[in-house]
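Count residues from 1 along the sequence. Because only heavy atoms are used, hydrogens play no part in the values below, and waters and symmetry mates are left out as well, while side chains stay in.
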Amino acid sequence: MSSSEALFPHPTQYHAIDAQRMAYVDVGPAEPATATGRTLLCVHGNPTWGFYYRRVIDSFSKDHRIVAVDHLGCGRSDKPPRDDADYTLAGHRDRLVDLIETRDLKNVTLLAHDWGGAIGLAAALRTFQRFDSVVLLNTGAFPPPYLPFRISVCRWPVIGRIGVQGFNGFARAAITMAMSRNKLDPAVAAGLLEPYDNWSHRVAIDAFVQDIPMSPRHPTHDVLKMLEEDLSKWSDHPIDLIWGMRDWCFRPECLRRFEAIWPHARGTEIADAGHYVLEDAPEETLSAIARHLSDLPAIHSDD
């Protein structure tokens, strides 16, 4: 049994779009027709996958429906060559919208991390009436105000791609660099890396890095700019911002930028946690998510 199967044993389902399969898990109460809980839509970033949310499933699936997706090219999803797939923010957004509508997700709380914040919020704005609240973990949803040197190296022509796709340098580095308080258990590290075991299986990791817009000329810049302009639409929704304050990528100024847009949002700052906040500080992160859910009104079967 692989590391991911042992720690993340949930059945994989597939959502097909244009002959490409997007993997996800959909778990929850044994009798969903009578459940009074909500749907948590868990959206990962780069270079993780749905496995990142295994503790969320373990903690909340008794009372809530949990849908954890794998973006195309990630996790257990298909990994077509870049020429055969749209690995941009807009492409990931549109596929997530299709899954949300096809699976008829309702009364949704978005739970998103890293690139999942931009992808999840952009998709939620396209399906706005289906969403009730937002929980964000170390992420951004605006044109990046800076590019950390450690990531800029991965964008260098030829050398960057060899490092990211050839040697899995981006995902392997994240195993240690995304942690601050703790070290990842070897089995967890193996589970995070498992889907990215060869050059072709790392296509999305490299594509995410290349999709970071550092100029208004980059096509994803306008997508992020429009997303930022629309964030105020969430002003009447409950929002929790849970942040590892020692994240060198989505640094505390990203948290402050969200707080300026959403002054009503509740923040949980974890002083010694890094970017993988759900791995580095699971107790505090899960407690904040539980508080968010407990503060929402119950959803009844006739809603």
Side-chain angles (χ1 to χ4, degrees), residues 43-49 52 70-75 79 82 86-93 112-122 136-181 183-184 189 192-193 195-196 199 201-225 227-228 243-258 273-280:
V43 188
H44 72 85
N46 187 39
T48 56
W49 56 292
Y52 182 74
D70 291 342
H71 303 302
L72 191 71
C74 301
K79 300 174 178 64
R82 197 171 312 197
D86 184 355
Y87 283 115
T88 64
L89 170 58
H92 291 304
R93 173 202 63 201
H113 172 252
D114 190 89
W115 269 99
I119 297 168
L121 287 166
L136 298 182
L137 317 173
N138 289 73
T139 186
F142 29 74
Y146 55 82
L147 183 65
F149 178 75
R150 297 180 230 190
I151 293 180
S152 68
V153 169
C154 297
R155 290 162 57 94
W156 289 355
V158 182
I159 294 174
R161 181 160 295 176
I162 291 173
V164 172
Q165 284 194 251
F167 294 98
N168 206 17
F170 192 85
R172 288 189 179 279
I175 294 303
T176 56
M177 290 184 180
M179 302 288 286
S180 177
R181 175 193 294 181
K183 293 183 178 180
L184 280 175
L192 287 168
L193 293 174
Y196 309 117
W199 174 284
H201 287 175
R202 299 167 192 149
V203 59
I205 295 178
D206 184 58
F208 271 119
V209 173
Q210 300 300 325
D211 200 39
I212 302 170
M214 297 312 301
S215 162
R217 297 187 299 274
H218 192 292
T220 293
H221 182 277
D222 286 347
V223 179
L224 281 169
K225 187 63 178 175
L227 173 58
E228 181 180 22
W243 230 261
M245 300 300 282
R246 297 195 64 180
D247 184 354
W248 55 267
C249 183
F250 291 92
R251 302 187 308 227
E253 51 257 54
C254 293
L255 170 62
R256 305 298 175 226
R257 194 157 175 174
F258 278 119
H275 178 61
Y276 282 177
V277 63
L278 189 51
E279 301 286 359
D280 212 11

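- The shortest heavy-atom contact between Ala171 and Ile205 is CB-CD1, 4.1 Å.
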Determine, step by step, whether Phe170 and Phe208 satisfy the side-chain contact (heavy atoms from CB on, under 4.5 Å) criterion, reporting the C-alpha distance in whole Å, the side-chain angles of both residues, the deciding distance to 0.1 Å, and the verdict.
CA-CA 11 Å; Phe170 192 85; Phe208 271 119; over 6 Å; no
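- For His113 and Asn138, the side-chain atoms include no donor-acceptor pair closer than 3.5 Å.
- To the nearest 0.5 Å, the span separating OG1 on Thr88 from CZ on Arg82 amounts to 11.5 Å.
- Among the candidates Arg256, Arg257, Arg251, the single residue satisfying the salt bridge (Lys or Arg N to Asp or Glu O under 4.0 Å) test with Glu253 is Arg251.
- Of all heavy-atom pairs between Trp49 and Leu192, the closest is NE1-O, 3.5 Å.
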Criterion side-chain hydrogen bond (donor to acceptor under 3.5 Å, both in side chains) on Asp280 and Ser180, from CA distance to verdict
CA-CA 7 Å; Asp280 212 11; Ser180 177; 4.7 Å; no
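- How far NE2 of His201 is from CG of Leu193: 14.5 Å, rounded to the nearest 0.5 Å.
- For His71 and His44, the ring centers are positioned less than 6.0 Å apart.
- In this structure the side chain of Pro144 reaches within 4.5 angstrom of the side chain of Leu224, judged on heavy atoms.
- Using a distance-only test at 3.5 Å, with no hydrogens or angles considered, no donor-acceptor pair links the side chain of Thr139 to the main chain of Leu136.
- The nearest pair of heavy atoms linking Ala204 to Tyr87 is CB-CE2, 3.9 Å.
- Side chain of Trp156 to main chain of Arg161: no donor-acceptor pair is present (N/O by atom type, distance under 3.5 Å, no hydrogens or angles).
- Atom-to-atom distance recorded for Gln210:CD and His218:NE2 is 7.5 Å, nearest 0.5 angstrom.
- Between Trp115 and Val43, every side-chain heavy-atom pair lies at or beyond the 4.5 Å cut-off.
- In terms of modelled atom types and a separation under 3.5 Å, the side chain of Arg155 and the main chain of Val209 share a donor-acceptor contact.
- Taken to the nearest 0.5 Å, the NE2 atom of His92 stands 6.0 Å off from the SG atom of Cys74.
- Aromatic pair Tyr276/Tyr52: centroids less than 6.0 angstrom apart.
- Pro213 approaches His221 most closely through the heavy-atom pair CB-N, 3.5 Å.
- Without hydrogens or angle criteria, Asp114 side chain to Asn46 main chain gives a donor-acceptor distance under 3.5 Å.
- No side-chain donor-acceptor contact under 3.5 Å links Thr220 to the backbone of Val223.
- Between Asp86 atom CG and Asp211 atom CG the span is 8.5 Å, to the nearest 0.5 Å.
- In this structure, the side chains of Lys225 and Leu227 stay at 4.5 Å or more apart for every pair of heavy atoms.
- Trp248 contributes a side-chain N or O that, together with a main-chain N or O of Met177, makes up a donor-acceptor pair within less than 3.5 Å.
- Heavy atoms only, all atoms of each residue included: Gly75 and Tyr196 are closest at N-OH, 3.1 Å.
- A cation-pi contact, defined as under 6.0 Å to the ring centre and within 45° of the axis, is absent between Arg172 and Phe167.
- Around atom CG of Leu147, more than 12 heavy atoms belonging to other residues, nucleotides or ligands sit under 6.0 Å away.
- Note that CD1 of Ile175 and CG of Asn168 are 9.0 Å apart. Values are rounded to the nearest 0.5 Å.
- Looking at every heavy atom in both residues, Phe250 comes nearest to Cys254 through CA-SG, 4.0 Å.
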Determine whether Val203 and Gln165 satisfy the following criterion, side-chain contact (heavy atoms from CB on, under 4.5 Å), listing intermediate values before the conclusion.
CA-CA 7 Å; Val203 59; Gln165 284 194 251; 4.2 Å; yes
